[in-house]
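Accompanying notes for the structure given below.
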Amino acid sequence: MLAARIPYAAILTNRAGDTTLLLAERPGRSGYLVGALAPAAFGEVDGDPHAPRSIIVGPFPGSAAQAITERYLPAYEPAVHERRITMVAEALGLIQSELDARREPRTATGAEGALPEQSGQCAPAGDAFLDRA
């Protein structure tokens, strides 16, 4: 991993499309590096296989904007879509595994032989499950 001071950088945002890009000067080289900043809702996504590859743009605003518009953004939008699909699939998988565990047959416990569903703890546990889901 190369560690270098980046003298100039800017965050480019499009609030309407929820797009956030980082434009950073390339130390010791001409031009800028453009890459995606993940929205906070994505959490930790370091090394995300869906993340679009960064691109290098020249120092001129017109050609840089054209490269971002024609090369980067067409790769960015599908990458965000794929990441969101993956997040939903992961969440559904966790919900399904917890639901499957809740549906397993219960055995009698305690002195009275009460099942967990009969013990009065079912409603709070069900509420907690629905909150997590």
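- Atoms OG1 and NE2, on T86 and H81 in that order, are 9.5 Å from each other to the nearest 0.5 Å.
- When all heavy atoms are compared, the tightest approach of R26 to S30 is NH1-O, 3.3 Å.
- L73 meets the side chain to side chain contact (heavy atoms under 4.5 Å, CB included) test with T19, L21, I68, Y76; sequence neighbours excluded.
- Hydrophobic clustering, with ILVMFWY side chains joined whenever heavy atoms are under 4.5 angstrom apart, groups L12 together with V57.
- Scanning both residues, G58 and A64, for their nearest heavy atoms gives O-CB, 3.9 Å.
- Pairing each heavy atom of S54 with each of G35, the nearest pair is OG-CA, 3.7 Å.
- The list of side chain to side chain donor-acceptor pair (under 3.5 Å) pairs with a residue in residues 58-70, not counting sequence neighbours, reads Q66-E70.
- Y72 contributes a side-chain N or O that, together with a main-chain N or O of A36, makes up a donor-acceptor pair within less than 3.5 Å.
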Check against side chain to side chain contact (heavy atoms under 4.5 Å, CB included), N14 and T20: CA-CA 7 Å; N14 173 357; T20 305; over 6 Å; no
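- Between L22 and L33 there is no side-chain heavy-atom pair separated by less than 4.5 Å.
- Listed by chain and residue number, Q96 satisfy the side chain to side chain contact (heavy atoms under 4.5 Å, CB included) test with D100 (two or more places apart in sequence, or in another chain).
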